[in-house]
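Report on the following structure.
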Amino acid sequence: MNTIIETDRLLLRPIDGVRDFPFWAEMMADADSVKYLWNNTPCDENAAWQNMVMNMGHWQVRGYGFFSVVLKETGEWVGRIGPYYPHGWPAPEIGWAVHPAHTRKGYAYEAATACLPFVFEKLGWERVTHVIVDGNTPSIALAEKLGSKLLETRFDETSGRTRLIYGQDRP
Amino acid sequence: MKPLLETERLILRRVDPDHDFEAWAEAFADPDTVRYLGVEPMNRQQAWRSMATIMGHWQIRGYGFMSVIEKTTGKWAGRIGPWNPEGWPQPEIGWTLHPDFTGKGYATEAGAACIEYAFGTLGWDEVIHVIVPQNIASINVAEKLGSHYLRTIPNIPGMFDKPCHIYGQSKP
């Protein structure tokens with residue numbers, strides 16, 4: 001499948017529903033991986049499949065969406081990272097979720113850094129955000145490392161959780 | 001968007017998010033509409049995600065629920081068609097109508113066209129309909145479509161936590 005963005009160690013491409021599914025399902029079944037996601041309870045394979053195809057549908061509606069991030073060297077699926085804006089989301093964001101076998105290697109930072117010029121130049125966004133559940137310390141650190149600042153705090157009624165909206169404007 | 005199927009009163013085509021979303025969100029917010037779907041009434045965020053899920057299903061399977069449009073008004077009347085997400089017992093023809101469009105025989109009219117499509121175009125040998133036992137209206141539709149009771153399953157993991165009847169029919 002076509003690579004859209006390439007970094008030192010990673011390829012970012014659209015979701016391949018057949019090839020990516022087993023790894024997508026592993027991540028969504030892992031309690032630590034999903035703790036701060038919108039679906040914050042671990043999913044079985046069937047629910048993970050629906051979550052994956054929802055994200056494929058997001059691409060069709062918006063023309064963009066989470067990329068599947070794979071290791072250049074081995075092709076292993078590392079996670080889903082990229083522009084995301086489902087209906088009712090506070091603002092267009094660059095989000096990240098990394099498979100538990102690939103955390104703590106700087107992949108989310110590497111991929112998200114490459115997504116910033118993509119959303120400003122290719123998608124024409126004026127502002128990018130990161131919607132982060134209060135308490136998600138690693139994601140707050142990553143947002144700050146990307147140069148984003150806390151813009152706003154909002155309570156989300158659907159999830160019953162407080163969200164920190166980090167972000168930055170087009171340079 | 002190009003019609004995929006046409007009946008006397010209805011056009012069936014792929015989901016068009018710009019045209020369909022408002023009516024889609026209305027339907028899935030209605031407690032009577034979702035009562036037998038194994039989900040709670042949806043807010044707009046959840047309805048958008050359910051619509052995107054159907055569109056992703058199309059991409060991966062090459063078929064999926066179609067939007068049903070009433071010819072005389074151009075209005076979105078529901079979603080009907082082939083459905084086979086991961087973990088489903090087997091490929092089905094399913095139906096959900098917007099509450100303004102129930103009681104007109106639309107599910108039967110569109111469902112019949114979809115069964116023909118499943119056998120003729122998709123090459124299925126059997127179609128099923130997963131129906132909650134309390135959903136008498138859908139059991140009536142299944143029987144009008146020529147399907148009969150096949151078996152009962154205890155649940156569908158991740159999607160239905162209650163027993164479901166499987167109605168169905170084989171390719172003629």
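Below, chains carry the letters A, B, ... as their sequence lines are ordered, and counting in each starts from 1. Here the structure is a predicted model, which means the values were calculated and not measured.
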The criterion is salt bridge (charged side-chain N to carboxylate O under 4.0 Å, His left out); which residues satisfy it with B/Lys71, sequence neighbours excluded? B/Glu6
In terms of heavy-atom pairs under 4.5 Å with chain A, the winner among B/Arg49, B/Gln59, B/Met55, B/Gln45 is B/Arg49
Side chain, backbone, both or neither of B/Pro157 within contact of chain A (heavy atoms, under 4.5 Å): both
Does one side chain, of B/Glu126 or B/Gln90, offer a donor that lies under 3.5 Å from an acceptor on the other? yes
Looking only at B/Trp88, B/Trp48, B/Phe21, most heavy-atom pairs under 4.5 Å shared with chain A are made by B/Trp48
Sort out for me which of A/Met52, A/Arg62, A/Glu45 touches chain B most, counting heavy-atom pairs under 4.5 Å. A/Arg62
Give a yes/no verdict on a cation-pi contact between A/Arg161 and A/Trp38, requiring under 6.0 Å between NZ or CZ and the six-membered ring centre and an angle within 45° of the axis. no
So, does A/Gln168 use its side chain to make a donor-acceptor pair with the main chain of A/Leu146 at under 3.5 Å? yes
May I ask you to list the residues sharing a hydrophobic cluster with A/Ile140, side-chain cutoff 4.5 Å, ordered by chain and number? A/Ile132, A/Leu150, A/Leu164, A/Tyr166
Quick one: of B/Pro85, B/Pro17, B/Ser50, who has the most non-hydrogen atom pairs under 4.5 Å with chain A? B/Pro85
